[in-house]
Every structure is written in C-alpha cells, then in structure tokens.
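Working notes for the structure below.
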Amino acid sequence: ALFCTLAAPSFGQFRLIDFGIKGGINVDRFEIFKDGLKPSDIWNKGSVGYHVGLVSRINLVALHIQPELNYNWHRMNIELEGHTGSAKVTAQTFEVPVLAGIKLLFLRLQAGPVFNLMNNTKVKSGNTAIESVDITKPTMSFAAGLGIDLFKLTFDIRYNGQFKRANQTIMVTGEPSSQTHHYKTNFNNWSFSLGYMF
C-alpha cells in the first residue's frame, strides 16, 4: 500500500489527535517465483491501481503514531508463454497500517506494520489459459515513506512491501487438462496520496 497521510493542525496550535481522509494511486509490481527463481513462462506486467482511506494521527510533539484504514484496488496482467491470451486480475484489500513517525518542520518520515484484513481476487479476461488466480497478501506486511504537510493538506509517497513471499495458486487450462500450480510471489507497490485533515 504508499499513501498520503493527513495533515497536522494549524501552525501554533497543538492537537493530541487528528482525523482525515486520503486517496491516491498505487503502482503495483507482482513477481512470481518457482523454486526460488522467476519462472520463464509466467510474468506480470506492471499496472496502476488506487486506494482511499481514513486516517488518524496521535501527536506526541515531534513524534506521532498514525493508524489508518485503507481500501486498495490492484490490477495485474499475467501472461503465459505458449498460451493465447492473458489474465487480467483484480485484487481488493482492506489494510490497517500502524505507522510511527517523526516530523521535522513540514516533513514527515514514517514506517510500520500493515495488517491485511481481507483479500478478494477476480480473473477478468476473455480467451485465456489462466482459469483462476488466488492472490493473497500475507496477514502482515510493512510500509515506509515520507510526507509533506501544508496546512490541512498532506502529500505522501510510500513503499509497501512484504516480509516474506506468499504462497499463491494459479489454475491453467489446456495442458492438455486443467492443472493447478503453486508459486511463491512477491507483491509490492509504490503509493502516492493526497489527504485532507479536518
């Protein structure tokens, strides 16, 4: 999930807790591995998704803790050599980042764990050898990035990664019969966000 965090209170005024909203785009990368190596017959093209969410921030002078609740929509295009067509896969997730950070003037540096509450994957394609893809993210991943606060507006960039590769399932037809393949995958992205603090 990089994201926009939501801005600090007005200059000269300290508030213990802030609340806001955010939204932005994700630049996703989905890597597939077999026996520790990327298989030559399956690959993913990079794609762009989006996210929206709610943000809270507990201010502790220069330090802060920032829990969020974000809905993420990801899109991937998986292809197989030797087969016609490609699988256009969408993945929807609800994520709860809990970031700790430090603020220097208007610049914030943040990092922390991300808890994944729900994963929903769909194959949306016509003529393709990939019948189904079960893409799940680990129950806990991480995020790190920086942000800028300008009055009530905030701008953020984050890298969202995984602590370890996840197990995924891909169902392929025409081999000559349908077969289920299991792979290790790495699902990460950069996120760019704009937010508003109330």
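All values reported here derive from a predicted model rather than from experimental measurement. No hydrogens, no waters, no symmetry mates; every other heavy atom, side chains included, goes into these values.
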Any side-chain heavy-atom pair of [X] and [Y] under 4.5 Å:
| X | Y | answer |
| --- | --- | --- |
| Phe142 | Pro113 | no |
| Leu107 | Ile148 | yes |
| Gln162 | Thr185 | no |
| Asn189 | Val27 | no |

- Partners passing ring pair (Phe, Tyr, Trp, His ring centres under 6.0 Å) against Phe115 (at least two apart in sequence or in another chain): none

- Note on the structure: The ring pair (Phe, Tyr, Trp, His ring centres under 6.0 Å) partners of Phe33 (sequence neighbours excluded) come to none

Rounded distance (nearest 0.5 Å) linking atom [atom1] of [X] with atom [atom2] of [Y]:
| X | Y | atom1 | atom2 | value |
| --- | --- | --- | --- | --- |
| Leu54 | Leu69 | CG | CG | 5.5 Å |
| Thr93 | Trp73 | OG1 | CH2 | 12.0 Å |
| Lys22 | Glu68 | NZ | CD | 3.5 Å |
| Phe106 | Asp149 | CZ | CG | 10.0 Å |
| Lys152 | Asp18 | NZ | CG | 8.0 Å |
| Trp190 | Asp28 | CH2 | CG | 13.5 Å |

- Query: Taking a hydrophobic cluster as the set of Ile, Leu, Val, Met, Phe, Trp and Tyr residues connected by side-chain heavy atoms closer than 4.5 Å, whether directly or through intermediates, do Phe163 and Val98 fall within one such cluster?
  - Reply: yes

- Query: Would a hydrophobic clustering, with Ile, Leu, Val, Met, Phe, Trp and Tyr connected at side-chain separations under 4.5 Å, put Ile65 with Val61?
  - Reply: no

- Query: Between the side chains of His51 and Asn26, does any donor sit under 3.5 Å from an acceptor?
  - Reply: yes

- Message: Working note: Asn59 + Lys103, criterion side-chain contact (heavy atoms from CB on, under 4.5 Å); need CA distance, chi angles, decisive distance, verdict.
- Response: CA-CA 10 Å; Asn59 299 297; Lys103 187 171 182 179; over 6 Å; no

What closest approach, in Å, do [X] and [Y] show between heavy atoms, and which atom pair accounts for it?
| X | Y | value |
| --- | --- | --- |
| Asn70 | Pro97 | ND2-CG, 3.4 Å |
| Gly161 | Ser141 | O-CB, 2.9 Å |
| Gly112 | Leu99 | N-CD2, 3.5 Å |

- Note on the structure: Applying side-chain hydrogen bond (donor to acceptor under 3.5 Å, both in side chains) to Tyr50 and not counting sequence neighbours gives none

- Message: Could you work out, with salt bridge (charged side-chain N to carboxylate O under 4.0 Å, His left out) as the rule, every residue matching Lys38, not counting sequence neighbours?
- Response: Glu31

- Using the benzene-type ring in the case of Trp, are the ring centres of Phe187 and His74 under 6.0 Å apart? yes

- When you measure from the side chain of Ser56 to the backbone N and O of Pro67, does any donor-acceptor pair fall under 3.5 Å? yes

- Message: For Leu16, I'd like to know if atom CG has over 12 heavy atoms of other residues, nucleotides or ligands within 6.0 Å.
- Response: yes

- Verdict with reasoning, Phe155 to Phe192, per side-chain contact (heavy atoms from CB on, under 4.5 Å): CA-CA 8 Å; Phe155 306 88; Phe192 304 87; over 6 Å; no

